[in-house]
Amino acid sequence: MPDLGKYAEAVLSSYAVSIALIAGLIVVSVLRANRVSKQLQEIENKVKSNG
Amino acid sequence: MIALLIRDFRLAMRAGGGFGLGLAFFLIVVTLVPFGVGPQSTLLATIAPGILWLGALLACLLSLDRIFALDWEDGSLDLLATSPLPMEALVTIKALAHWLTTGLPLVLAAPVFALLLNMPTEGYRPLIISLLLGTPALSVIGTFGAALTVGLKRGGLLLSLLVLPLYVPTLIFGAEMARRGAEGFDTTTPLLMLAGITCGTIALLPFASAAVLRVNLR
Amino acid sequence: MNLNALWEYANPKKFIQTTDRVLPWVAGLAALSLVFGLIWGFFFTPEDYRQGSTVKIIYLHVPSALMAINAWMMMLVTSLVWIVRRHHVSALAARAAAPVGMVMTVIALITGAIWGQPMWGTWWAWDPRLTSFLILFLFYLGYIALWEAIENDDTAADLTSILCLVGSVFALLSRYAVNFWNQGLHQGASLSLDKEENVADVFWYPLLVCIAGFALLFIALVLLRTRTEIRARRMRVLLARERMGA
Amino acid sequence: MGLTVSDLTIARGGIRVLEGLSFALGAGQALVLRGPNGVGKTTLLRTIAGLQPPVSGRVKVPADALVYAGHADGIKATLTVRENLGFWAQAFGNSDITGAMEAFQLAPLGERPAGALSAGQKRRLGLARLLVTGRKIWVLDEPTVSLDVEAVAMFASAVRAHLAGGGLAVIATHIDLGLSEAQVLDVGPFKAKPLEHDDFDGAFL
């Protein structure tokens, strides 16, 4: 861990907030991608079996 | 074209909505500001140009959703779209009618409200010129926003969200001109910028509004 | 390069097939360069003689700010492609990119504010750059809200494309207006987070890696989200068709 | 003067509703569209009127010859009957509204605010608008809704006079107008067939 001096708080909070936001964005995107592709698969199967 | 303008004018006068409402709202904003910031006349005089511009902008915003919503609901918009009037002319007329019923009264009332806020007298002329130049742009931009959100159920809030960022350049140059005028500085630069933005907006934005309206009608 | 071959990727099926192969690589590269760049920047760069350790914030602030603007540019291009050639993937890519661009704008804003606190002595200064990003944020908000508000996909694509076009012009105007509006206040502030003069070589190389990392991350996210939008769109069509048939 | 529709495919809300539709009308001819609710009659009329683009096929209409009347009449409640009609006349470059007022027996209501009219009277005002436009091709969507028997007869004679004057009309309606000379087109058989399920591109139309 480098010595950040008197600005430690500012630097650390910047990294924390940014990484949290990026991680959140990635998690939301991936979860939605999985959910939608699963739902679509279900509907495609249903449509195919119907006709 | 004139017929549409006259009709919109008549409607604004009779519906008991459009016409006086913007002015009343403007008055209320100007009355509430001293309650919020305190009655010191020097402070009020300093912020008067900004308050007046902001008040005019909000009053303008208030009546935007009426531009197309009523014509949309009763089917007039479909009928107007199949009339000989080009869509670009239609949106221009609508914007003009909005300005005449909302923007122009605000400009004319501005000196009275400036009096209430203790604005120095030499600032009146630049204030009125800036509003006169800027409010048409507000109406034209607002017409674009109204065309975008016509037919949406909860369009009113969205309309504000879409239009307010587009108002930024006009507000900055308009308020800057009024402020410089009140402080006795040279107003040429913001005047030219404001005039440029207004002219550009009036010349180009109706095409975007017409395109958007066509999409919304289909 | 044959341009017609490029348009083939605008076919939804082809797009999904291609990104199936490309996406893992882009995502992997993005993760690699981000981790590498940020660790390099955070642990192995010296302090700036004026800004102290706060200079380390540039590894987040500058790339996110760049991506915030590039995302809007990309949306502008894809909107134009939709208007001119009516490729559905193009419109959906714009829709997919907007939230990513908005998060980048938020990161740029927050890191800027955190940096400003010790440097300017205040969390928020109406500095032209910061203010411009705040306005950009509002544009993103409006754009996303318009997409969400309209039910018909083609109508939404048309309207948001035109909004993006008009918005771009006004965003540019706002940028100059804001500069003009606040020229007097911060003129002497040579101390800035993202002026080139502040970036010596020691800071520059890890910064480049971070910029590459953010760019790759952006591409990966947009690809992933575009796939999701394509599938969601197909799902809506299938459901609507089923309702019609019934 | 004529209206030609060739191999038209139309969509509502991104779903194809009618396909392969063709017909032609010449001066003095009328076409009555029939079909169950939701089959796409309104969409067809709006496409003919140029309010929405077709998916494929062509609609050939002479420029500035068409007037459309939809479910709503475009009447302003705070304007009088005369003012409402006068506005539409001016919008189409005409000024005389007396003929239209008489044809639909609106003269006694002339100074009344349109908001005070009954539903049937409003509809009559909406139909009178067709006469003041002076346009040759009428595209009408359920024109007889809320009209009583007498008013339907008024409307039928107005259409007949219009056709006699060389006009055309395309009318979607469920009731019998007593227009014996009109051709009837049932759009039901033109209902669009579902696309192949694995046609991924088709899903985006």
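Keep in mind that this is a model prediction, so the values were computed, not measured. A, B, ... follow the sequence lines: proteins, then strands. Residue 1 opens every chain. Every heavy atom of this structure was used, including side-chain atoms; hydrogens, water molecules and symmetry mates were not.
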* Structure fact -> Note: B:Leu127 and B:Ala110 closest approach over all heavy atoms is CD2-CB, 4.2 Å
* To do: Could you pull out the closest heavy-atom pair between B:Ala109 and B:Leu23, with the gap in Å?
  => CB-CD2, 3.5 Å
* To do: Answer whether the closest heavy-atom distance between the side chains of D:Arg16 and D:Ile10 falls below 4.5 Å.
  =>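 Heavy-atom side-chain distance check fails, nothing below 4.5 Å.
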As an exercise: rank [options] by heavy-atom pairs under 4.5 Å with chain B and give me the winner.
options: D:Lys76, D:His71, D:Arg46; value: D:Lys76
options: D:Gly86, D:Ala69, D:Gly74; value: D:Gly74
options: D:Phe92, D:Trp88, D:Phe87; value: D:Phe87

* Taking every heavy-atom pair that is under 4.5 Å apart, which of B:Arg218, B:Arg214, B:Arg7 has the most such pairs with chain D? ->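 Among the listed options, the one with the most contacts to chain D is B:Arg7.
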* Sort out for me which of B:Val215, B:Asp71, B:Leu85 touches chain D most, counting heavy-atom pairs under 4.5 Å. =>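 The residue among B:Val215, B:Asp71, B:Leu85 with the greatest pair count is B:Asp71.
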* Structure fact -> Okay, D:Ala89 and chain B: the region with an atom under 4.5 Å from a heavy atom over there is neither
* Part of D:Ile75 lying under 4.5 Å from any heavy atom of chain B -> backbone
* Do D:Lys41 and D:Asp141 sit within salt-bridge range, that is, some charged N less than 4.0 Å from a carboxylate O? ->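 Between D:Asp141 and D:Lys41 there is no salt bridge, as every charged N stays at least 4.0 Å from the carboxylate O atoms.
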* Asked: Does D:Gln29 use its side chain to pair, donor to acceptor, with the backbone of D:Gly26 at less than 3.5 Å?
  -> yes
* **Portion of B:Leu77 that has a non-hydrogen atom of chain D nearer than 4.5 angstrom** => neither
* Asked: Honestly, is D:Arg124 close enough over D:Phe104, meaning NZ or CZ under 6.0 Å from the six-membered ring centre and within 45° of the axis?
  -> no
